[in-house]
Amino acid sequence: MLAGRDFVNSDADADTCVVSQSAAKKMFPKAPALGSTLRQFQFSLDRGGASESTCRVIGVVADVKLQDLRMPPQPVVYRPIASDMDNPGLMNFVIEARSLTDAQSAYRKTLRDIAPGSPDSEVTLITQKMDDSTSLERMLASLSGFFAGLALLLSGVGLYGLFSRSITQRTTEFGIRIALGATRFRIVLLVLRQAIILMTIGIVAGGVAAILSTRLIRGFLYGVTSNNPFVLAGAALLLCVIALSASLLPVRKVVHLDPVEALKAE
């Protein structure tokens, strides 16, 4: 509740309504919504036509997504339940219960009290409705995560193969450097410098491509931004760990390198 009050389920609710924030901005752009009179045209199943009614706005509530998470919040006008008895087929009940069985019993009891003779409707858990509405997005997220993990694994294996081959080809060079007085620590730094250069190029190019492609996935995100700096930083850090790990494994050959054997290999 952003302003005003809620319904109190009494005669004080007669000819009153509560509007959403979007409805207040759309229908009362230049005046406060509280206390204003709203004209409403409603189709009645019993009368077979539209009827006009007026209500006084007593409250403004935050926007909610009632039908589809993909759609932006729509303007909504809430009326007391007694005001909608002419059109019971369009009612929605929200029941809090410990189990689905308790919710079904409470629903049937409430329906018998306010609309005797009405047919039963299916009772669905809100969590199930939310899961159903995002099933496509969750499937795409799972597939994206799987292929991202596979790409990360392949990139790690590829980097390992690249550095292993590079170190093997430079074995004689490393042997000469050690024979001339270079420490093994400096040789390791020489290998790591190459890994850091390749890693920096990859992270910069991948980061730019990721930022430019975020507009393609904005429609699948809810409650988060597509350019989240923490997500981008976490991905870059993970790539750094993979790249350094792939380069440090072949470096073990350099640490235990015998200069004489290296020169003989040539």
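As the structure is a computational prediction, the values presented were derived from the model and not from experiment. No hydrogens, no waters, no symmetry mates; every other heavy atom, side chains included, goes into these values.
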Measuring from Leu34:CG to Phe28:CZ, what's the distance to the nearest 0.5 Å?
9.5 Å

Verify the cluster assignment for Met27 and Val57: are they in a single hydrophobic cluster under the rule of side-chain heavy atoms below 4.5 Å apart?
yes

Check the surroundings of atom CZ in Arg186: do more than 12 heavy atoms from other residues, nucleotides or ligands lie under 6.0 Å from it?
no

Does atom CZ (Arg165) have a neighbourhood of more than 12 heavy atoms from anything else shown, all under 6.0 Å?
no

Within this structure, what is the CD1-CZ distance for the pair Ile58 and Arg5, rounded to the nearest 0.5 Å?
3.5 Å

In terms of hydrophobic clustering (I, L, V, M, F, W, Y; side-chain heavy atoms under 4.5 Å; direct or indirect links), are Leu190 and Val188 co-clustered?
yes

Does Leu192 belong to the same Ile/Leu/Val/Met/Phe/Trp/Tyr cluster as Tyr160, with side-chain heavy atoms less than 4.5 Å apart forming each link?
no

Phe147 and Leu153: same hydrophobic cluster, using ILVMFWY side-chain contacts below 4.5 Å?
no

Quick check: is Leu198 connected to Ile196 through a chain of hydrophobic side chains (ILVMFWY, heavy atoms under 4.5 Å apart)?
no

Interatomic distance, Leu159 atom CG to Ser164 atom OG [nearest 0.5 angstrom]
12.0 Å

Closest non-hydrogen atoms of Tyr78 and Phe7, given as atom of the first, atom of the second and distance, are O-CZ, 3.3 Å

Separation of Phe163 CZ from Leu249 CG (nearest 0.5 Å):
11.0 Å

Using only atom types and a distance under 3.5 Å, with no angle test, would you say the side chain of Ser213 pairs donor to acceptor with the backbone of Ala209?
yes

Spatial distance of atom OG1 (Thr200) from atom CG (Leu239) [nearest 0.5 Å]
11.5 Å

Give, for atom SG of Cys17 and atom CG of Leu38, the distance between the pair rounded to the nearest 0.5 Å.
5.0 Å

If you compare all heavy atoms of Met1 against all heavy atoms of Gly59, which two are closest, and at what distance to 0.1 Å?
SD-CA, 4.2 Å

